[in-house]
Amino acid sequence: ELAALYRGAIAVVVPSREEGFGLPALEAMACAAPVITSMAPALMEVTGDAALHAEGSVHGLRDALERMLGDEALRDDLSVRAPQRARGFTWRASALVARHAYLAAIPRSAD
């Protein structure tokens with residue numbers, strides 16, 4: 001049901017000021033929904049150039065939403081770029097990054 005809602009959205013707005021990863025934005029992008037996020041670093045890193053980033057204030061988000069509503073070409077462009085960007089985030093890639101971090105944290109014995 002969530003995927004259908006994402007696919008039917010004119011835009012999905014993720015206004016988080018602090019974000020650990022940005023899974024809601026990534027889920028929406030995987031469904032080709034145009035996404036607007038705040039400029040929280042994690043959201044900008046996850047969405048890259050496949051989302052519209054806005055100042056996290058009410059006015060900044062309102063302006064971004066008005067832009068998205070009024071610009072069909074922007075929505076279409078983001079709908080194409082979003083799933084391409086989302087495909088780069090897989091559970092396998094996440095596991096490899098976590099593995100690397102764990103291995104880097106293990107103290108090496110001096111032989």
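One is the number of the first residue; the rest follow in order along the sequence.
Contact annotation: the side chain of L65 never approaches that of R62 to less than 4.5 Å [non-hydrogen atoms, C-beta and beyond]. I10 places a side-chain heavy atom less than 4.5 Å from the side chain of L69. Under the 4.5 Å side-chain criterion, counting only non-hydrogen atoms from C-beta, H100 is not in contact with L96. Residues P34 and L74 form no side-chain contact, since every pair of their non-hydrogen atoms from C-beta on lies 4.5 Å or further apart.
Clustering ILVMFWY residues whenever any of their side-chain heavy atoms sit less than 4.5 angstrom apart, transitively, puts V46 in a cluster other than the one holding V13.
Atom CG of L2 sits about 7.0 Å away from atom SG of C31, to the nearest 0.5 Å. Atoms CE and CZ, on M29 and R85 in that order, are 6.5 Å from each other to the nearest 0.5 Å. A distance of 7.0 Å separates OG in S38 from CG in L61, rounded to the nearest 0.5 Å. Interatomic distance, CZ of R67 versus CZ of R75, reported as 12.0 Å (0.5 Å rounding). Going from atom CZ of F89 over to atom CD of E45 covers 6.5 Å, rounded to the nearest 0.5 Å.
Between the side chain of S79 and the backbone N or O of A32 there is at least one donor-acceptor pair closer than 3.5 Å. Side-chain atoms of T90 come within 3.5 Å of backbone atoms of A93 as a donor-acceptor pair (strictly under, hydrogens ignored). With hydrogens and angles ignored, the 3.5 Å screen pairs no side-chain donor or acceptor of R17 with any backbone N or O of A40. The main-chain N or O of G60 is found under 3.5 Å from a side-chain atom of S57 such that the two form a donor-acceptor pair.
A salt bridge links D77 with R81; the closest basic N to acidic carboxylate O contact falls under 4.0 Å.
Contact detail for M39 and H53: the closest heavy-atom pair is CE-O, 4.1 Å. Residues V35 and M68 share a closest heavy-atom pair of O-CE, 3.9 Å. Minimum interatomic distance between A25 and T37 (heavy atoms only, all atoms of both residues): CB-CG2, 4.3 Å.
At most 12 heavy atoms of other shown residues, nucleotides or ligands fall within 6.0 angstrom of atom CD in E18.
The salt bridge (charged side-chain N to carboxylate O under 4.0 Å, His left out) test applied to D71 returns no partner, not counting sequence neighbours.
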task = Would you sort out whether I36 and V12 count as a side-chain contact (heavy atoms from CB on, under 4.5 Å), showing the intermediate values?
result = CA-CA 6 Å; I36 299 169; V12 173; over 6 Å; no

request  = Could you go through the side-chain contact (heavy atoms from CB on, under 4.5 Å) check for L26 and F21 one step at a time?
outcome  = CA-CA 9 Å; L26 190 59; F21 177 74; 3.7 Å; yes

